[in-house]
Every structure is written in C-alpha cells, then in structure tokens.
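Quick notes on the structure that follows.
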Amino acid sequence: MTEQPTSIERPQPGADPAEARGAFLCAPEQSARPPVEPALPAQARADTTPAGPGTATSRGKGKDGMGKEHPVGGPEHSQPAITEPDALRPRPAPDGIPAQPGADPERTPGGPERRTGRAVPSGRPMPMRRDGDRLRFVGAATRRIARGLDLDEIVMGLCRATVPTFSDAILVYLRDPLPVGDERPTGPVVLRLRRTDRIPDERDTDGVLLPSAFEPEPEPSVLADLSALTTELCEVRPGGALNEVLRGVRPVFADAPAARAALPELLGEGGEGVVPGGQHAILAPLRGRRRVIGAALFLRRPDQPAFEADDLLVATHSALGIDKAVLYGREAYIADELQRTMLPETLPRPTGVRLASRYLPAAETARVGGDWYDAIPLPGSRVALVVGDVMGHSMTSAAIMGQLRTTAQTLAGLDLPPQEVLHHLDEQAQRLGTDRMATCLYAVYDPVTHRITIANAGHPPPVLLHLGGRAEVLRVPPGAPIGVGGVDFEAVELDAPAGATLLLYTDGLVESRLRDVWTGIEQLRERLAATAQLTGPDHPPPLEALCDEVLDMLGPGDRDDDIALLAARFDGIAPSDVAYWTLEPERTAPGQARRLARRALARWDLEDLSDSVELLVSEVVTNAVRYASRPVTLRLLRTDVLRCEVGDDVPQLPRLRQARATDEGGRGLYLVNKLARRWGATRLSTGKVVWFELNR
C-alpha cells in the first residue's frame, strides 16, 4: 500500500523548525515495515512505540487534493495502539482538512521534483519551496542565535540551523581580529575559517549506516572534510574580487561573475572543488551594525534543488547575532579586566605571615562586583589585612571599590591606626556620593608582638582558627558602614598566637536566600573546625586547601553575591630572633650600633655577615643621628633573611643620589643599594623607618 503525504505541512509540537522535520516534510520510504523517523528530535521519538509482532497500529484517514480518502501512515501521524493522554505527543491531522494553497501533491519521496524534474531521495528533508518555509527557518535561526551570548555558541547555532534545513554544508569566515564598536582596524583585512558543518553520512530507514556495497557514492566536493580542502586564513586584497563582494554586502550566487572571481581568493588553491556548479552555492557577506565582519558560504549537493532568488535574503540573516556576540564578548573582557586590575594580582610575602585568597563573581553574567581584599606590608615587619564590600553589582560599584581600595593603600602607607583608616575611608565615600555605601574590616598584624589590631565598619566578623582545631568568631565592635558619616570607629587589640589562621571574608560567603548571615557564620566556624581535625592538633591545615574547603560549603543556591576571601596564617617571629635597641642621637651612636649588631650576629651564628651588616648599619644610623632630635631605634630580625630597621623622628625620606667627587657625604645609601638584597624607607606618623635585608 502506497502512503501519500497529507496536504498539511506544519511542524509538530515540540519540534524545532530549524531541524529537518520543522521546516520540511520528511516523506517516509515506500516499505512494508513501519516507518522510522531519523530526522525527528529525541522528544518526539520517545513518544513513538515501534511496531512489532502482535502490535496493532491505528492510522487516521485524510483526503488528497481530489477529495479521495486514503490512509495517513507517515511518521508525522503514526500512533501506538493504546493512546495515553500526553500534551507533547504529536496528534494526527483531523479528517477533512482541505489542501492548503500552494501545496504540491507531486512532491513525494522517490518521485520527481516539480521544478527540476530530478528525483528526491527518500528519507531526506524536502527543500524549502514556499515563503512559509523560509519564515519558519528564519524564526528558528533567530531563536538559536538569540539564546547564545558566546561567539562560538552563536556560530554553532547558525550552522545547526542551516544544515540540513537550508543547505547541505556551510563554511563560516570571520574577521581576525573581530572589530568591536567604533574601532577602526589597522592593517589588512584577514578572514579566518571559524567553523564548517555538513550533512552526515546517509543512513537507511533503520538508522544504521548503509553497507558500502549499497551505499550511494557521495559527492566528494560536499561530503569531504571542508576545513582540510580550504585555507584557514585569507587576506582580503584591496581592490580584489573578494573585497568587492564584501563591500557590496549583498549575497551572490556562486555562478555569478563576481563570486567566480572571489571564491578562489577565499578558499585558496584547490578550494573551488567544494563548490558545486550552477546556483547550488551562495556567497554571503556577514554585516554587523557598522561593517562587514565575515562571510558565509552555503552549499547544496548537485542532486538537490538549486537556490532561488528569495534564498539570498535568508543567507545573511544571522550576521547581527554574530555582531551581538562580539559586543558581549568585548563587554565581558572589559568586565574581567576591570575586576582583575581592581584586585591584587599576587599577594605579598611579609615576614611572619603566610597569605592565600580567593575571589568568586556572583555569576557569569555579573562578573563585576564591589568585593575586594588586600594585604599591605607596613613598617616594622607588620602587615595590614583588608577586606571590603561595596553595595551593588555594576561597573559603578567596581569603580567605587577601586577608589576605596586605593585610598586604603594610601592611608596604610601613612601608618595610621585602623580606626583612623576607616574614618578617612568614610569621608572619601561621602565625597564620592550620597549613596556610596560599603562595609570594610581593617586589621594590622605584628609578628614580633604576636598581636593583631582590628577595626570594623559594618562587616561580618572574622573567624580565628587556633592550632588545636578550635574555631572562634572574634568579638569586634560592629561599627557603621562606610559612607554613613558622623560615626566613630573603634579598634580592638587581640592575641594572634603562632600557628593560628585568621579568615576574612565578605557576606556572600555566609549569607544567601537560603540562610541568614549568622547561620552562615556558624556553618563557616563548624567547617573550619572540621577541616582542622583532619590534619591533627599539631599541624594547621594548608592555606590553599583550607580556602577550597571553605568555598565547598556553598550550595547550588548560595551564590547570590560575589565572594572575597583572605586567609592569613600567623607564623610570627620568635623573641629569640629579635634584637632591639634604643640609641641616643649622639656622635657615638654609629660605633655603638656596630658593636650591638656584631654581638647579635655572633649569637645567631651569622658572623659571615658581620662586615656587611656593620658597614650598612653604621651608614644608616649616621644619617639618622645627623637629623634626629629624639632617640633612634635599631632592630634586627632573623627570619629567612636578615632584616635591619632604623627609625627616627624625621619625616623626610632619604633619596638615592650619585655623589660628586668633591662631596664629603652622600654615599651611604649608594652602599646600601649595592650590598643589600632589598632596601626601602617608610614614613610613619611619628617619623620614618629605613630598612634593608641581606640573604643569610
């Protein structure tokens, strides 16, 4: 029994018009066995029960153009014997629906195609012959492209929407690099082959590959590896044929004179073999909002109907989607770069403390936030630990965060107390605007005294993990957020024992739609204690692993805000590794400093450094005594390096300069610069500190 197609050509519910079944009528094979739907989506195939022995198949009836009833047995209307209510199951066309205008009852599988007279292979999608088919294809392609934001995703959506619905193969070329916005590219225009796609090998009605003996000979020009036959890069020559086609913007058939001259330049030597003759190929420039951004080559097999004039309008429909992806990619790049430059690229390695950090944006579509962290070395081997959170998720929030972070670094360089730093940050936030609000926690750790001073401005309290595994939430004054104005900030000084770990974080780690902030803080404390138990009471957990464990406590619905995390492991400096003296600003101070330094080095078994240390200490102390009016301090620290610090009450910082031959002085810092591993000078609220380091 020969099954005739119905006169209705409409996609079934759940089918994508971009697929072969959505835009074409897939005609079944003339076979006694039940039809198979190789082009149906997985959702439609799941609702179809294959016929087998003892299985009854009910078929509806339709009417052809002559009004004669005939069975409707194509894959569009196959139903199982037992019908269950299912909103997604395709339903057969009702009886008595008249033929639609423009329907062609002669387009049957295996029969001749009306325009060309060639036979249409069974099991293959029918080509588009009506405006409705083209509109459905354009709509499907638009939906595919609109769903993507990434350039590769959009190009892949264009290829999948095109093959096999519109063409048998496609080659997409894009400019390299892609211009963005109003940028004017310099240099020659270069096209790069971004993606190729083609129809897969033919399959029989059971969905398996045909044996080679029965498989029809494929067209090598279309089924071959397109990327291997064409060049990857193509430079568009000014005044060349390809340049004229791109400037014309309009797509052209491959048999047009302009296209025949442009294709060898685009595809390279030997690439013309992939292009069928006649009007079976379209060369379409892809134009964005301001300029041509690439080209697409659509191909059909020679045994398929040729493209028509209306198909030229369909060919370039997807260029704006690609341009959208370029703009989004540029915005995402700017957001990433802005966030990266606002946060420290690397953390310093101050004496007596180890640091680790993490930052997580709220989502891929909201990469810029107002959270930040920082670690700032201070005079006297101290380090300032800062974490803050500007309200909002926007470029404005990130810009305000950058200004506050810069202000905090400047204030830290002045060696101000933590509460004074927050006070000046509050004033800066008020100068930036009336609604510039932020929370901040500022702490200063001294590895010599093993003490930490903390001031808080409306930020969640830090958690201190002790060496034995006990985790405690530090009791610090909460304070008001930065930007409120008219409030005082209070600092508290606490013990920071060696081996303990201080965890500073933003509220995105402990607060979400699923839990309040104090519940999250308690969960964080329990997580830290449980992690410390794994390494034993005498060994603290590694910092990097500890940060990863903390972030693992976040559930799928806990990412409502970006997260900044800063962990500090307090190693401290043992009292036996510290030597400290106070010297009167007299002429005998340099000689006394040399003797004290020599004794300390002998006690530490560092006599090999005596000559260098005595010389440099004498030069720095001499310069301090010359201008100081109060006692001068001298401190030696033995860690992985030997550090010497000389402090006085003069705020002017020394500058390295080249002394002239007639000068009696000015060579002290020159010697320090030549002999020391590192050196520097930092201004304090009461003067300055000049320091240098030597390798042990």
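Note: hydrogens, waters and symmetry copies are ignored here, and every other heavy atom, side chains too, is used. Source: prediction; values computed, not measured. For reference, positions follow the sequence shown, starting with 1.
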Closest contact, heavy atoms only, [X] versus [Y]:
X	Y	answer
D426	P481	OD1-O, 4.1 Å
G499	L467	O-CD1, 4.0 Å
H459	Y505	NE2-O, 2.6 Å
V625	P585	CG1-C, 3.6 Å
A579	A600	CB-CB, 4.3 Å
I454	P462	CD1-CG, 4.3 Å

If you draw a 6.0 Å radius around [atom1] in [X], do more than 12 non-hydrogen atoms from other residues or ligands fall strictly inside?
X	atom1	result
R475	CZ	no
N673	CG	yes
R603	CZ	yes
D516	CG	yes
R630	CZ	no

A side-chain contact here means heavy atoms from C-beta on lying under 4.5 Å apart; do [X] and [Y] qualify?
X	Y	value
Q523	V510	no
L694	L616	yes
V646	F692	no
F489	V421	no
T501	L528	no
I482	V390	no
M342	Q403	no
S629	D649	yes

Review point. What residue among L441, L565, L343 forms side-chain contact (heavy atoms from CB on, under 4.5 Å) with Y373?
Key: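 Among L441, L565, L343, the one that satisfies the side-chain contact (heavy atoms from CB on, under 4.5 Å) with Y373 is L343.
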
Check: [Y] main-chain N/O paired with [X] side-chain donor or acceptor under 3.5 Å:
X	Y	answer
S618	E614	no
R683	P651	yes
W372	V386	no

Exercise for review: Verify side-chain contact (heavy atoms from CB on, under 4.5 Å) between M553 and L524, making sure each step is shown before the conclusion.
Suggested key: CA-CA 8 Å; M553 66 178 283; L524 173 61; 4.0 Å; yes

**Study point:** Basic-acidic side-chain contact under 4.0 Å: D648, K688
**Key:**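 Looking at D648 and K688, the cut-off is met.
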
[X] side, atom [atom1]; [Y] side, atom [atom2] - distance, nearest 0.5 Å:
X	Y	atom1	atom2	answer
M391	I400	CE	CD1	11.0 Å
T410	R405	OG1	CZ	11.0 Å
L503	R569	CG	CZ	10.5 Å
L601	E607	CG	CD	7.5 Å
R598	L606	CZ	CG	14.5 Å
L414	H424	CG	NE2	8.0 Å

**Study point:** Derivation of the side-chain contact (heavy atoms from CB on, under 4.5 Å) call for L411 and Y442
**Key:** CA-CA 11 Å; L411 296 172; Y442 188 93; over 6 Å; no

Exercise for review: Just do the side-chain contact (heavy atoms from CB on, under 4.5 Å) check on R678 and W691 with the steps written out, would you?
Suggested key: CA-CA 8 Å; R678 291 195 311 160; W691 57 270; 4.0 Å; yes

Practice item. List the steps and the verdict of side-chain hydrogen bond (donor to acceptor under 3.5 Å, both in side chains) for E619 and N623. Key: CA-CA 6 Å; E619 293 293 339; N623 188 72; over 6 Å; no

Point to revise | Residues E427, H423; criterion side-chain hydrogen bond (donor to acceptor under 3.5 Å, both in side chains); working and verdict | key: CA-CA 6 Å; E427 293 180 339; H423 175 73; 3.1 Å; yes

Check your understanding: Under the side-chain hydrogen bond (donor to acceptor under 3.5 Å, both in side chains) criterion, do D389 and T506 qualify, and how do the steps go?
Key -> CA-CA 7 Å; D389 183 3; T506 56; 5.3 Å; no

Point to revise | Q592-R595 side chain donor-acceptor pair, cut-off 3.5 Å | key: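 No donor-acceptor contact under 3.5 Å links the two side chains.
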
Review point. Please walk me through it: do E645 and L637 pass side-chain contact (heavy atoms from CB on, under 4.5 Å)?
Key: CA-CA 8 Å; E645 299 173 353; L637 303 174; 3.9 Å; yes

